[in-house]
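First listed ligand is number 1; within each ligand, the first listed atom is number 1.
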Amino acid sequence: MPAIRKVLVANRGEIAVRVIRGCREQGIATVAVYSEVDREALHVLMADEAYLIGPPAPAESYLSIDTLVRVAKAAGADAVHPGYGFLAENAAFAEACAAAGLTFIGPPASAIRAMGDKTAARRIAREMQVPMVPGTVEPVRNDDDARRVAREVGYPVMIKAAMGGGGKGMRLVRSDGELDASLRMARAEATSAFGDGSVYLERYVEEPRHIEVQILADAHGHVIHLGERECSIQRRHQKLIEECPSPFVDASLRQKLGEAACRIAGAAGYVNAGTVEFLVDGERNFFFLEMNTRLQVEHPVTEMVTGLDLVRAQLSIAEGVPLELGQADVTWRGWALECRINAEDPFAGWLPSPGTISGLRPAAGPWVRDDSGAYEGASIPRYYDTLIAKLIVWGEDRAAAITRMTRALGEYKVTGVRTTIPVLARIIAHPDFQAGRLSTQLLERILPALTPSSGRYEDVAIIAAVLAEHDRLRVAAAHGATVSPSASSGAPSAWRMGLRPGWRAGSR
Ligand code: MV4
């Protein structure tokens with residue numbers, strides 16, 4: 001595989017900025033893409049070149065495979081970095097890049113496919129004798145099949161979408177009587193969300209921790225792990241705070257989790273940075289959950305504690321360079337925390353708060369990292385994820401990291417849009433967080449007291465959700481009627497070769 005000289009970054013926001021920075025440090029030129037509402041976004045200003053790719057709706061811009069591949073070729077890029085979200089775990093995109101002679105800075109399409117089907121991933125875990133939650137390793141065939149399995153593994157059980165992941169379309173079933181109705185709803189949800197109604201069953205693990213292992217796999221069969229991240233502080237499957245290491249994991253469990261993660265990645269023919277997710281119960285039993293075949297939002301906490309640059313590792317791996325580290329070379333020093341700063345109002349039902357950032361003073365100082373996609377005057381469009389920035393701190397131990405995060409959250413000022421900063425500070429100050437008593441249920445328990453809001457806001461949130469769904473369906477209908485994803489060659493040429501604003505960050 002040849003050296004990479006120019007990378008098209010098929011993403012936006014803070015992750016596009018992170019990838020651009022990683023490329024620039026390696027002397028690799030960068031090409032940004034942007035939708036009509038992102039003309040002056042930070043990633044556009046920071047890249048060496050940038051091209052308009054279409055309207056704000058993701059399906060017509062950041063998700064348009066044909067447009068992205070065409071722009072990459074036209075710009076003379078030799079590789080594509082997908083970031084996370086959008087097309088990062090889309091096997092067809094990886095294949096389209098390869099077919100156009102572009103290096104996809106991610107795993108082989110076959111590994112994306114294997115892990116995208118959660119039952120196929122479970123078959124790999126079984127084959128590698130990695131512990132997993134009791135349940136099926138194939139989609140359930142019918143209601144009778146489901147009832148037999150549910151009785152066998154014992155209630156409560158979870159119904160999960162085979163093509164789902166990240167908690168979407170999951171359903172908890174506590175008894176035989178609930179099973180049929182839940183199956184019907186889960187299948188319908190899976191069909192509308194993933195275009196595939198296949199579901200499987202797992203025994204439900206009560207109050208688990210969500211712990212994931214970062215791995216690196218090169219194109220020569222070497223796989224190493226970089227330890228775990230603790231991701232139990234989630235609200236509705238959106239992580240708010242992540243840390244490395246986990247306060248619950250000792251050296252012995254770390255080694256077992258790491259070996260299990262490497263075995264799974266190896267069996268899947270995985271190449272690239274990747275993450276293997278586990279549930280861990282109160283007795284430190286761990287169970288394979290799923291594998292994420294991308295660079296994750298929370299990767300910086302691993303970087304801070306291992307001293308490694310994961311984007312640089314991705315670039316080397318994609319160039320075919322063998323891993324320069326063996327497992328024994330990976331060491332962990334101190335503690336890192338990451339807080340996600342979103343443009344949402346936690347005191348008004350977590351309603352998205354798009355708009356213009358009228359004032360911005362990010363936290364800085366010793367051992368503080370601000371991975372941001374914003375600047376003063378920038379706008380947060382309503383079409384995308386509300387993540388503004390990730391605030392990451394390092395300390396010599398967990399207590400020092402918590403003190404530093406408290407200090408940094410106090411410094412971080414954003415005006416013009418509402419943010420999650422105040423509630424992040426309250427979670428960090430909570431006795432259970434401070435003591436490391438973390439579980440996926442912790443936030444559900446403590447948030448009501450931390451985010452008092454009048455019932456009025458609940459009504460507003462419901463109305464907003466209905467409007468958003470209406471908007472989504474309208475966009476989908478318009479898209480289906482006029483622009484099929486494979487026929488976007490009909491796009492105006494300005495989308496393919498738009499001009500970037502005349503502000504240049506680099507000197508290249
Ligand atoms: C589970 C589980 C308990 N038992 N599966 C959620 C995200 C996706 N990756 C899998 N998830 C879970 N799967 C079994 N068999 C608990 C979670 C879970 C969770 C569930 C409810 C509320 C918050 C949660 C946060 C993380 C994981």
Side-chain angles (χ1 to χ4, degrees), residues 84-85 88-89 115-122 124-126 130-137 139-140 146 149-174 178-179 182-183 186 189-190 193-194 199-214 228-243 246 248 257 260-261 264 274-294 296-298 340 350 427 432-433 437-448:
Y84 55 67
E89 296 180 272
M115 291 303 171
D117 177 347
K118 306 305 164 187
T119 62
R122 279 172 66 81
I124 290 173
R126 179 185 59 178
V130 169
M132 60 182 169
V133 190
T136 63
V137 290
V140 292
V149 175
R151 285 179 182 165
E152 212 170 276
V153 305
Y155 288 99
V157 297
M158 288 203 100
I159 307 174
K160 298 186 175 186
M163 302 309 287
K168 264 178 281 173
M170 295 188 335
R171 257 207 153 71
L172 177 58
V173 186
R174 297 223 169 253
E178 298 171 16
L179 188 62
S182 293
L183 272 173
E189 265 174 41
F194 312 112
V199 297
Y200 64 105
L201 287 190
E202 280 181 5
R203 191 183 155 84
Y204 179 63
V205 182
E206 306 272 357
E207 285 230 23
R209 288 169 180 251
H210 181 130
I211 294 174
E212 57 186 34
V213 176
Q214 178 69 54
E228 80 284 359
R229 291 186 287 260
E230 166 74 58
C231 301
S232 297
I233 303 300
Q234 319 192 352
R235 179 186 171 272
R236 300 192 180 169
H237 305 298
Q238 291 281 35
K239 296 162 188 165
L240 270 68
I241 303 174
E242 303 99 344
E243 54 188 298
S246 163
F248 202 60
L257 287 168
I264 285 178
T275 300
V276 183
E277 295 186 357
F278 296 93
L279 292 180
V280 181
D281 71 13
E283 279 94 56
R284 288 194 166 75
N285 298 305
F286 65 87
F287 307 98
F288 168 72
L289 209 49
E290 54 191 76
M291 180 168 188
N292 300 317
T293 58
R294 60 173 190 272
Q296 286 194 265
V297 178
E298 57 271 26
R340 298 192 189 188
W350 298 79
I427 297 167
D432 284 353
F433 185 87
R437 285 190 295 267
L438 312 176
S439 83
T440 49
Q441 266 68 51
L442 176 65
L443 277 194
E444 251 169 75
R445 207 159 45 228
I446 68 173
L447 274 183

Inset, instruction - Tell me which protein heavy atom sits closest to atom 1 (C) of ligand 1, plus the residue, atom name and distance to 0.1 Å. - result: K160 NZ, 3.3 Å

Inset, instruction - For ligand 1, find out whether one of its N or O atoms is nearer than 3.5 Å to an N or O atom of E277. - result: yes

Inset, instruction - Say whether E202, considering both its backbone and side-chain N or O atoms, lies within less than 3.5 Å of an N or O atom on ligand 1. - result: yes

Legend entry - Nearest-contact summary for atom 2 (C) of ligand 1 - protein heavy atom, Å: L279 CD1, 3.5 Å

Legend entry - E206 heavy atom under 4.0 Å from ligand 1: no

Legend entry - Within reach of ligand 1, part of V133 (heavy-atom separation under 4.0 Å): side chain

Inset, instruction - Output yes when K239 and E212 qualify as a salt bridge under the 4.0 Å nitrogen-oxygen rule, no when they do not. - result: yes

Legend entry - Closest protein heavy atom (residue, atom, distance) for atom 4 (N) of ligand 1: V205 N, 2.9 Å

Inset, instruction - Could you find the nearest protein heavy atom to atom 26 (C) of ligand 1 and give me its residue, atom name and distance? - result: T440 CG2, 3.1 Å

Inset, instruction - Quick one: pull up CG in L443 and OG in S232 and give me the separation to the nearest 0.5 Å. - result: 9.5 Å

Inset, instruction - Would you check whether Q234 has a nitrogen or oxygen atom less than 3.5 angstrom from a nitrogen or oxygen atom of ligand 1? - result: no

Legend entry - Nearest option to atom 15 (N) of ligand 1, as decided by whichever heavy atom of R203, R209, M158 sits closest: R203

Inset, instruction - Give the intermediate values and the outcome of side chain to side chain donor-acceptor pair (under 3.5 Å) for residues Q441 and S439. - result: CA-CA 5 Å; Q441 266 68 51; S439 83; 4.5 Å; no

Inset, instruction - State if R236 counts as touching ligand 1 under the rule of any non-hydrogen atom under 4.0 Å. - result: no

Inset, instruction - May I ask you to check if ligand 1 and P208 share an N or O to N or O distance below 3.5 Å? - result: no

Legend entry - Salt bridge E228-R209, side-chain N to carboxylate O under 4.0 Å: no

Inset, instruction - Among all protein heavy atoms, pick the one closest to atom 8 (C) of ligand 1 and tell me residue, atom and distance. - result: G167 N, 3.4 Å

Legend entry - Test: E242 and R229 ion pair at under 4.0 Å: no

Legend entry - Identity of the nearest option to atom 6 (C) of ligand 1, non-hydrogen atoms only, from H237, K239, E444: H237

